[in-house]
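Beneath this line is the structure, given in structure tokens, with notes to follow.
Values reported hereafter were calculated over all heavy atoms of this structure, with side chains retained and with hydrogens, waters and symmetry mates removed. Everything numeric in this text was worked out from a predicted model, so none of it was measured.
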Amino acid sequence: MADDELEAIRRQRMAELQAKHGVSAESRETDMRNSILAQVLDQSARARLSNLALVKPEKANAVENYLIQMARFGKLGGKISESGLIEILEKVSQQTEKKTTVTFNRRRVMDSDDEDDY
């Protein structure tokens, strides 16, 4: 058999086993993300990122996507420390910073005092 045929059979068998054991494509993607982040971040940075994920999951997801993209393009020199992660968090915060504006909608109500002025 050719290598391509063997690889196709392996993939098919692996998919059958994963379907049998309830492993979905989503969990494989999560496992892949976690393994990439484990290679890129040191222990203290991983702890900080997991704490951030508890408080602000959308921000943690954005930082994870940024780190994975940087790792895939080979832009990371080594493992990122906690201080390096803090710098990345500050960059992401500046990019996604929302300006809060408050507007007062004052309603004009006829007072009974206005009638007494005449």
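When side chains are defined from C-beta on, Ile86 counts as touching Arg48, because their heavy atoms get closer than 4.5 Å. Leu67 has its side chain out of reach of Ile36: every pair of non-hydrogen atoms, C-beta onward, lies at least 4.5 Å apart.
Residue Met32 is grouped with residue Leu41 when hydrophobic side chains (ILVMFWY) are merged at heavy-atom distances under 4.5 angstrom, including chains of intermediate members.
To the nearest 0.5 angstrom, Asn34 atom CG is 5.5 Å from Arg46 atom CZ. Considering CG of Asn65 and CE of Met70, their distance stands at 13.5 Å, rounded to 0.5 Å. How far CD of Gln43 is from CD of Glu82: 11.0 Å, rounded to the nearest 0.5 Å. The distance from atom CD of Glu64 to atom CD1 of Ile88, rounded to the nearest 0.5 Å, is 12.0 Å. One distance of note links NZ of Lys91 with CD of Glu87; it measures 7.0 Å at 0.5 Å rounding. Distance check: Glu90 CD to Leu85 CG gives 10.0 Å after rounding to the nearest 0.5 Å.
If you run side-chain contact (heavy atoms from CB on, under 4.5 Å) between Val63 and each of Leu89, Ile68, Leu37, only Leu89 comes through.
Nearest heavy atoms, Val40 versus Ala71: CG2-CB, 3.7 Å.
By the neighbour-count criterion of 12 heavy atoms within 6.0 Å, atom NZ of Lys79 is densely surrounded, having more than that number from other residues, nucleotides or ligands.
The closest donor-acceptor contact from the side chain of Asn61 to the backbone of Pro57 lies at 3.5 Å or more, if one exists at all.
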